[in-house]
Chemist: 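Before anything else, here's the structure in question.
Please read these numbers as outputs of a predicted model, since none were measured by experiment.
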Amino acid sequence: VQLQASGGGLVQPGDSLRLSCAVSGITLDDYTIAWFRQAPGKEREAVSCLNPAHGGTDYGDSVKGRFTMFSDNAKNTLYLQMTSLKPEDTAVYFCAAHGGIRCSIALAGRGYAADYRGKGTLVTVSS
């Protein structure tokens, strides 16, 4: 099983960026996929979650209205569209797969109870 996050980079405040999470080795419909982030010296934070089987999503309070998560099930890839980026969005972002639980539970667990986690991609928001 692999979850490969990509798309990170250096952007300026107010810019947009799209992250990808390519999933292999599992059937997406059987899992809830979530994005988490962790900045140096800070606790891991839940960002967003999507259930590919029915498309339901949930978001952390700090990104609601700015980030959108969606999937292309045919490509086994999930995306995190980030807009109006702020310096406090700077972190390593990674995706994780959770079997058989709702998004709210996945986010609350902050990825520590995920069945599978991928390596992250660094997003730096700086002027």
Side-chain angles (χ1 to χ4, degrees):
V1 177
Q2 286 191 329
L3 289 90
Q4 182 62 54
S6 62
L10 172 63
V11 296
Q12 294 187 340
D15 283 353
S16 298
L17 197 63
R18 179 179 292 183
L19 304 184
S20 300
C21 174
V23 181
S24 61
I26 58 174
T27 301
L28 273 187
D29 282 359
D30 295 336
Y31 288 83
T32 294
I33 309 296
W35 284 97
F36 301 92
R37 67 186 184 186
Q38 189 157 20
K42 294 187 178 180
E43 291 189 354
R44 184 181 295 176
E45 180 182 7
V47 177
S48 66
C49 180
L50 182 147
N51 186 311
H54 58 67
T57 56
D58 199 0
Y59 297 90
D61 288 341
S62 63
V63 306
K64 282 181 181 176
R66 299 188 298 123
F67 291 11
T68 303
M69 186 173 178
F70 59 98
S71 67
D72 184 337
N73 289 10
K75 295 182 178 180
N76 273 13
T77 301
L78 297 99
Y79 302 93
L80 182 67
Q81 180 67 46
M82 306 185 293
T83 63
S84 301
L85 282 162
K86 306 174 182 180
E88 51 263 43
D89 294 318
T90 295
V92 174
Y93 288 70
F94 68 95
C95 48
H98 306 69
I101 62 173
R102 298 191 304 272
C103 267
S104 57
I105 305 299
L107 292 181
R110 294 187 291 161
Y112 291 107
D115 293 289
Y116 306 102
R117 287 190 296 271
K119 293 182 180 179
T121 185
L122 176 63
V123 174
T124 304
V125 184
S126 175
S127 55

Chemist: Should the ring pair Phe36 and His98 be called parallel, tilted or perpendicular, given that the plane angle runs from 0 to 90° and is split at 30 and 60?
Modeler: tilted
Chemist: Are side-chain heavy atoms of Pro52 and Leu78 found at a separation under 4.5 Å?
Modeler: yes
Chemist: Would you say the side chain of Met82 lies within less than 4.5 Å of the side chain of Leu19, judging by non-hydrogen atoms?
Modeler: yes
Chemist: Atom CZ of Phe67 and atom OG of Ser62: how far apart are they, to the nearest 0.5 Å?
Modeler: 7.0 Å
Chemist: Using every non-hydrogen atom in the two residues, find where Ala91 and Ala39 come nearest and quote the distance to one decimal.
Modeler: CB-N, 3.8 Å
Chemist: Under 3.5 Å, is there a donor-acceptor pair between the Arg37 and Tyr93 side chains?
Modeler: yes
Chemist: Using side-chain heavy atoms (C-beta onward) and a distance below 4.5 Å, is Val11 in contact with Thr124?
Modeler: no
Chemist: So which atom in Ala22 and which in Thr77 form the shortest heavy-atom distance, rounded to 0.1 Å?
Modeler: CA-OG1, 4.0 Å
Chemist: Return the minimal non-hydrogen interatomic distance between Arg44 and Gly111, and the atom names on each side.
Modeler: NH1-C, 3.6 Å
Chemist: First locate atom CE of Met69, then atom CG of Asp58, and finally report the distance between them rounded to the nearest 0.5 Å.
Modeler: 11.0 Å
Chemist: Going by an N to O cut-off under 4.0 Å, is there a salt bridge joining Asp89 and Lys86?
Modeler: no
Chemist: Just wondering, do Gln4 and Phe94 contact through their side chains at under 4.5 Å, heavy atoms?
Modeler: no
Chemist: Picking from Leu107, Val63, Val47, Leu50, what satisfies side-chain contact (heavy atoms from CB on, under 4.5 Å) with Trp35?
Modeler: Val47
Chemist: Quick check on the hydrophobic clustering: are Tyr116 and Val23 connected, directly or via other members, by side-chain heavy-atom contacts under 4.5 Å?
Modeler: yes
Chemist: Measuring from atom CD of Glu45 to atom CG of Asp61, what distance do you get when rounded to the nearest 0.5 angstrom?
Modeler: 9.0 Å
Chemist: Please report the C-alpha distance between Val92 and Thr121 in whole Å, then the side-chain angles of each, then the deciding distance to 0.1 Å, and finally whether the side-chain contact (heavy atoms from CB on, under 4.5 Å) criterion is met.
Modeler: CA-CA 5 Å; Val92 174; Thr121 185; over 6 Å; no
Chemist: Side-chain contact test, heavy atoms from C-beta onward, threshold under 4.5 Å: evaluate it for Arg66 versus Ser84 and give yes or no.
Modeler: yes
Chemist: Is any side-chain heavy atom of Ile33 closer than 4.5 Å to one of Leu28?
Modeler: yes
Chemist: Of all heavy-atom pairs between Cys103 and Thr32, which one has the smallest distance, and what is that distance?
Modeler: SG-CG2, 3.7 Å
Chemist: Using a 6.0 Å cut-off, check whether atom CD of Gln2 has over 12 heavy atoms from anything other than its own residue.
Modeler: no
Chemist: If you round to the nearest 0.5 Å, how far is OG of Ser126 from CG of Asp15?
Modeler: 11.0 Å
Chemist: Any link between Leu122 and Leu10 through a network of hydrophobic side chains (Ile, Leu, Val, Met, Phe, Trp, Tyr) touching at under 4.5 Å?
Modeler: no
Chemist: Does Tyr59 reach the side chain of Thr68, with side-chain heavy atoms less than 4.5 Å apart?
Modeler: yes
Chemist: Between Asp29 and Thr27, do the side chains contain a donor N or O and an acceptor N or O under 3.5 Å apart?
Modeler: no
Chemist: Can you tell me how far apart NZ (Lys119) and SG (Cys95) are? Round to the nearest 0.5 Å.
Modeler: 13.0 Å
Chemist: Answer yes or no: is there a donor N or O on one side and an acceptor on the other, between the side chain of Thr90 and the main chain of Val125, under 3.5 Å?
Modeler: yes
Chemist: What I'd like to find out is whether the side chain of Pro13 reaches to under 4.5 Å of the side chain of Leu85, using heavy atoms alone.
Modeler: no
Chemist: What's the spacing between Ser24 OG and Leu3 CG if we round to 0.5 Å?
Modeler: 7.5 Å
